[in-house]
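Presented below is the structure to which this report refers.
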Amino acid sequence: NMTRVTGIGGIFFKAKDPKALAAWYQRHLGLPVEYETIVTLEWREGAQPHAAAYTVWSAFASDTEYMDPGKATFMVNYRVSGLDRLLVSLRDAGVKVFDNIEEYDYGRFAWCLDAENNKIELWEPTAIKPH
């Protein structure tokens, strides 16, 4: 199965004033800002409509190192399935994959560089309990 990306898990970007920019999006576009600069947009999985899923939108400080060594002012987080298999295949294909994998109760994260050296985040979400 070649389908490994199952959706967009998040979009993160640098801002001169993250709190003010998030407030602008809240005021003008109605984004439900939580935690000053983070928005969680809930949606339903096509194959599992009973399961809630979400995409995160967040503004970061312009001097954040989170997107390094990428030079872009943004980073996309892709929801994936089979993270470990994906990392092996990326490495086998010569893709720069970072060594660290972070694990949280909501999933596992890894990072790599795309063909233009943009850092991207790969997120294998934990199975979400239906509500």
Side-chain angles (χ1 to χ4, degrees):
N1 183 353
M2 287 304 297
T3 304
R4 293 189 180 100
V5 171
T6 61
I8 302 295
I11 181 72
F12 311 124
F13 53 91
K14 296 179 181 183
K16 293 182 190 105
D17 186 338
K19 289 181 195 173
L21 186 61
W24 184 94
Y25 275 90
Q26 185 170 30
R27 184 168 56 254
H28 296 291
L29 296 180
L31 286 186
V33 176
E34 320 162 49
Y35 316 113
E36 301 177 334
T37 63
I38 298 171
V39 174
T40 303
L41 301 167
E42 187 173 304
W43 47 276
R44 299 288 165 174
E45 291 275 8
Q48 302 174 334
H50 63 280
Y54 56 93
T55 298
V56 176
W57 174 102
S58 185
F60 281 73
S62 57
D63 62 351
T64 184
E65 295 179 2
Y66 193 56
M67 300 170 202
D68 290 353
K71 301 292 185 226
T73 58
F74 64 89
M75 182 171 65
V76 177
N77 165 301
Y78 294 96
R79 294 168 60 93
V80 302
S81 62
L83 180 63
D84 295 317
R85 289 188 316 274
L86 176 57
L87 296 177
V88 167
S89 67
L90 290 171
R91 285 187 175 103
D92 287 350
V95 173
K96 166 62 178 158
V97 175
F98 296 90
D99 291 334
N100 57 316
I101 293 178
E102 294 184 12
E103 300 193 32
Y104 300 92
D105 56 358
Y106 46 89
R108 299 170 64 233
F109 295 83
W111 296 264
C112 67
L113 296 179
D114 71 11
E116 294 191 2
N117 290 320
N118 297 304
K119 188 176 183 183
I120 60 176
E121 187 168 72
L122 305 170
W123 171 36
E124 183 175 52
T126 303
I128 299 170
K129 307 283 188 283
H131 4 314

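What you see is a predicted model, and the numbers here were worked out from it, not measured in a lab. Just so it is clear, the values below take in all heavy atoms, side chains as well, and ignore hydrogens, waters and symmetry mates.
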For this session: Starting from the C-alpha separation in whole Å, work towards a yes-or-no answer on side-chain contact (heavy atoms from CB on, under 4.5 Å) for Val56 and Leu41.
Result: CA-CA 6 Å; Val56 176; Leu41 301 167; over 6 Å; no
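- Looking at heavy atoms from C-beta onward, Glu34 lies out of side-chain contact with Glu36 at the 4.5 angstrom threshold.
- By the 30° and 60° cut-offs, the orientation of the rings of Tyr66 relative to Phe60 is parallel.
- Atoms CG and NZ, on Asn118 and Lys71 in that order, are 11.0 Å from each other to the nearest 0.5 Å.
- In terms of heavy atoms, Glu42 sits closest to Ala52 at OE2-CB, 3.6 Å.
- Of all heavy-atom pairs spanning Val97 and Arg91, the tightest one is CG1-NH2, 3.4 Å.
- Counting only distance, with no hydrogens or angles, the side chain of Trp123 and the backbone of Tyr106 share a donor-acceptor pair below 3.5 Å.
- For the pair Asp114 and Lys119, the salt-bridge criterion is not met [side-chain N within less than 4.0 Å of a carboxylate O].
- Smallest separation of non-hydrogen atoms from Asp68 and Thr64: OD1-O, 4.2 Å.
- Checked by atom type and distance alone, the side chain of Arg108 never pairs as donor or acceptor with a backbone atom of Leu83 at under 3.5 Å.
- Between the side chain of Thr37 and the main chain of Ser58, no donor-acceptor pair closer than 3.5 Å is present.
- Taken together through direct or relayed side-chain contacts under 4.5 Å among Ile, Leu, Val, Met, Phe, Trp and Tyr, Trp57 and Trp43 form parts of separate hydrophobic clusters.
- The backbone N or O of Gly82 sits less than 3.5 Å from a side-chain atom of Glu124, completing a donor-acceptor pair.
- Taking the side chain as every heavy atom from C-beta outward, Lys19 and Asp17 approach each other to under 4.5 Å.
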For this session: Evaluate the side-chain contact (heavy atoms from CB on, under 4.5 Å) criterion for residues Phe74 and Lys14: first the C-alpha distance (whole Å), next the side-chain angles of each, then the deciding distance (0.1 Å), finally the verdict.
Result: CA-CA 6 Å; Phe74 64 89; Lys14 296 179 181 183; over 6 Å; no
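- By the 4.5 Å heavy-atom criterion applied to side chains, Leu122 and Leu87 are counted as neighbours.
- To the nearest 0.5 Å, atoms CG (Leu86) and SG (Cys112) are separated by 7.5 Å.
- Residues Ile120 and Tyr78 meet the side-chain proximity criterion, which asks for heavy atoms closer than 4.5 Å.
- The distance from the CD atom of Glu103 to the OG1 atom of Thr126 is 9.0 Å, given to the nearest 0.5 Å.
- Shortest non-hydrogen contact noted between Val76 and Ile11 is CG2-CD1, 3.6 Å.
- Using a 30° and 60° split on the angle between ring planes, Tyr25 and Phe13 fall in the tilted class, from 30° to 60°.
- The shortest heavy-atom contact between Ile8 and Arg79 is O-CD, 3.9 Å.
- In terms of hydrophobic clustering, with Ile, Leu, Val, Met, Phe, Trp and Tyr side chains grouped at heavy-atom distances under 4.5 Å, Trp111 and Val88 are assigned to different clusters.
- Using bins of under 30°, 30° to 60° and over 60° for the plane-to-plane angle, the ring pair Trp24/His28 lands in the tilted bin.
- The two residues Val95 and Leu113 have their closest heavy-atom pair at CG1-O, 3.5 Å.
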